[in-house]
Amino acid sequence: MSNYDTLNPMQQEAVFHTEGPVLILAGAGSGKTRVLTHRTAYLIEEKGVNPYHIMAITFTNKAAGEMRERIDDMVGFGSESVWVSTFHSTCVRILRRYIDRLGYDNNFTIYDGDDQKTLMKDICRRLQIDTKLYREKSFLSAISHAKDELISPEEFALNAAGDYAQKKQAQVYTEYQKMLRKNNALDFDDLIFKTVELFRADPEVLDYYQERFRYIMVDEYQDTNTAQFQLVKTLASKYRNLCVVGDDDQSIYKFRGANIYNILNFEQEFPDARVIKLEQNYRSTKNILNAANGVISNNVGRKAKALWTDNEEGDKVNFQQFDTGYDEADYIANDIAKKVRDGEYNYGDCAILYRTNAQSRLFEERFVVSNIPYKVVGGVNFYARREIKDLLCYLKTIDNARDDLAVRRIINVPKRGIGATTLARVQTYANENEISFYNALKMAEDISTLGRSAVKIKPFVTLIQTMRSKAPYLGVSALLEELLEETGYVKELEAEGEEEAKARVENIDELISKAVAYEEKCQSEGTEPTLSGFLEEVALVADVDSLESGSDYVVLMTLHSAKGLEFPNVYLAGLEDGVFPSYMTIVADDPTEIEEERRLCYVGITRAMERLTITSARMRMVRGETQYNRVSRFVQEIPQELLGRAPEKVRLAEAVKARTFEQAREAFHSKVSYASTPVEFVSAATENHSLPYQVGDRVRHLKFGDGTVTNITAGGRDFEVTVDFDAFGTKKMFAIFAKLKKI
DNA sequence: CGCGAGGATATTTTT
DNA sequence: TATCCTCGCG
């Protein structure tokens, strides 16, 4: 097996060191997935470990899927018994089997963010909380953080003693959990929390899984929160073969509860831990990597490491500043179109990364005009769209009508003339008799307060009952189609005829194909496709998961979603103070928040393999207001000599600042005063930077080879360079595009 | 009860 | 800007 010879010595060590705790500090692009897959193969092939005893945990389904594929390729026989899964699906699998031991039903439903919000609104209304004073969101985030830290409602209440706001939160938290249990539902955080609780409460179950998972590997370890750490630690405490892989410089999920001390203090937790550093980067050019290093070196309190690469130097980082976001989108669209036309890259090689989802819009609009195929990742999750959620709630209701939330959502969709008053009356009846909302609906005729409305409820109940009896033999996709037929959901949309309605119908079609795909998957695995199975699969998918390799479109996504991915040609857009780093972190008291933004920037830069373009706009519309922003501080942190063009902060930026300082400041805090004179911005593209070659110089072009520069003129945006190529004759080109190198 | 108008509000990131 | 919520009318 010379398989392992292709690994570098550090990687080999990580692969061969199989026993006991191991911490692998894997820099960006250092081949950590490769290490993990080889390690799995090594365990099985060389150490004779039964694949059944190996577990690999990741954060996204996509990462899990990739790892699964690569392990299957390497290992062959028996690879399917390796447990490769995300934290959340792992917990769901465990809880589906054993959560009854905690007093839940094994066919619990999973609440997403929207469901949580609905539930919270309900609770606030019932507890008569002024949501102007205390927002639903703040409760939810307090609860989420508590769960991340494994703090129960009781403990929370104990800690809150004295503080009024916290006492309120404790009260809400308690009520929230009560409601979840009543609806037989778990939220995302509960999945982890309850699994840990289960292990603590039931030694028998714990032992079963400890025996099963004798070798545990955790990917993206820097993103684990306290609950996840506890989970992994508990599982590993018997055999102690815990291998975690992470990079503290890529920790970007603190807001979601990630505890960076999980990685920083790993060695304290496991004093006998073997620490291995992977510092060779195989992904990026020297220039890109050095730019990334330049930025991240401004952070304090990181694990010492020096990422390096043997790759070639590559092009400089292309920095461009524009007047507006439109110009920025324009430039990037043109640049991509040009690179594709020249055969340099395919659309699929290009990615645009930005800080906030809202920034995608300008690019989308521009791409539609230019006919550039693209795909936006993130934003509104497919399964969170209204029509999809409606249908899923129907399925949930058919599957398990214990979830009041789902029932209430769809009872009047499409319109059945059932309004708030009726709902309230049914709810009261349900509460009084301690039955679920749906069961109360079934008894509508007995609810005296309802009067004539009871008649409207009956068809709904009949519909659900009929579908429920059909579900077992119809299968998920057929059930969906019948449901659409019966409810007239699609017909109603089609009647609208609006563009938006059309998109919704398309989404519904996509949902049906996903159901079909699910059934096919079950068939190939030899498992029984069930409604619950489908709902579960659907509950845990993120949008990144849908990225297919091999399809040819430009990918647009947030920097957060981009982690773990790589692209030959990357654009980092909106590098402006106030956008990235975000305004919130600039004004925050806590200096570590800026550091997290910086890590995010590091992640962004290191996504690029060959080409990196960084752009910023001087003014930008942010939710209807014009903001004037400086070039991001992160751009200044990139060593000057690595930038193809210096950020011309001196002349133009100062000029603009001088003239508009008052306005700019105003704009930052309130509305722009429209009465004031509009600022004229001068395009600075032609200013103040010299090309590394002159007329008469010999230059080299990526595609056209060597030639002589015969003319340089200042064009609208950039220098226009005329070159007489030895093999291709005379060509005129823009300097930024041409990437000519002096020879 | 349903619908539309108008106002308030938010945007940082997500499994 | 885009969405969400409330309110008032038919």
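Naming convention: chains lettered A, B, ... in sequence-line order (proteins, then strands); numbering from 1 in each chain.
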Inset, instruction - Can you tell me, in whole Å, how much space there is between the C1' of C/dT6 and that of B/dT11? - result: 22 Å
Inset, instruction - In whole angstrom, give me the gap between the C1' atoms of C/dC5 and B/dT12. - result: 23 Å
Inset, instruction - Output yes when at least one side-chain N/O atom of A/N225 is less than 4.0 Å from OP1 or OP2 of B/dT15, else no. - result: no
Legend entry - Length of the CD-P vector between A/E536 and B/dT15, whole Å: 17 Å
Inset, instruction - Identify whether NZ of Lys or CZ of Arg in A/R598 sits under 6.0 Å from the centre of the six-membered ring of A/F634 and within 45° of that ring's axis. - result: no
Legend entry - Base B/dT12 to side chain A/R355, donor-acceptor N/O within 3.5 Å cut-off: yes
Inset, instruction - Answer yes when A/E595 and A/R302 have at least one side-chain N-carboxylate O distance shorter than 4.0 Å, and no when they do not. - result: no
Inset, instruction - Send over the distance from A/N61 CG to B/dT14 P, rounded to a whole Å. - result: 16 Å
Inset, instruction - Could you say whether A/F188 or A/A358 is positioned toward the 5' end of DNA chain B, judged by the nucleotide with the nearest heavy atom to each? - result: A/A358
Legend entry - Gap between atoms CG and C1', on A/L565 and B/dT14 respectively (whole Å): 14 Å
Inset, instruction - Pick base, sugar-phosphate or nothing for A/T86, based on heavy-atom distances below 4.0 Å to the nucleic acid. - result: nothing
Inset, instruction - Please state whether the phosphate of B/dC1, meaning OP1 or OP2, lies under 4.0 angstrom from any side-chain nitrogen or oxygen of A/T422. - result: yes
Legend entry - Spacing between A/Q627 atom CD and B/dT11 atom P, to the nearest angstrom: 14 Å
Inset, instruction - Give A/R386 one of three labels, base, sugar-phosphate or nothing, depending on what nucleic acid heavy atoms sit under 4.0 Å from its own. - result: nothing
Legend entry - Touch class at under 4.0 angstrom, heavy-atom based, for A/I418 against every strand present: sugar-phosphate
Inset, instruction - Indicate the atoms forming the closest heavy-atom contact of A/E596 with A/F255, along with that distance. - result: OE2-N, 4.0 Å
Inset, instruction - Decide yes or no for A/D249 and A/V603: does some side-chain heavy atom of the first lie under 4.5 Å from some side-chain heavy atom of the second? - result: no
Inset, instruction - Using atom NZ of A/K117 as one end and atom C1' of C/dT3 as the other, report the distance to the nearest whole Å. - result: 9 Å
Inset, instruction - Return the stacking result for B/dT13 and A/F255: yes when the ring centres lie under 5.5 Å apart and the planes under 30°, no otherwise. - result: yes
Legend entry - Touch class at under 4.0 angstrom, heavy-atom based, for A/N357 against every strand present: sugar-phosphate
Inset, instruction - For A/K456 and for A/Y253, find the nucleotide of DNA chain B with the closest heavy atom, then tell me which residue's nucleotide is more 5'. - result: A/K456
Legend entry - Rounded distance (Å) that lies between atom C1' of B/dT9 and atom NZ of A/K121: 13 Å
Legend entry - Minimum-distance nucleotide to A/T356 side chain [options: B/dT15, B/dT12, B/dT14]: B/dT12
Inset, instruction - Grab the OH-P distance between A/Y354 and B/dT13 for me, whole Å please. - result: 10 Å
Inset, instruction - Could you tell me the separation between the CZ atom of A/R623 and the P atom of B/dT9, rounded to a whole number of Å? - result: 12 Å
Inset, instruction - Look at the rings of A/F534 and A/Y518 and say which category their plane angle falls in: under 30° parallel, 30 to 60° tilted, over 60° perpendicular. - result: tilted
Legend entry - NZ/NE/NH1/NH2 to OD/OE distance under 4.0 Å, A/R620 and A/E328: yes
Legend entry - Touch class at under 4.0 angstrom, heavy-atom based, for A/E596 against every strand present: nothing
Legend entry - Phosphate contact (B/dT11 OP1 or OP2) by A/K137 side-chain N/O below 4.0 Å: yes
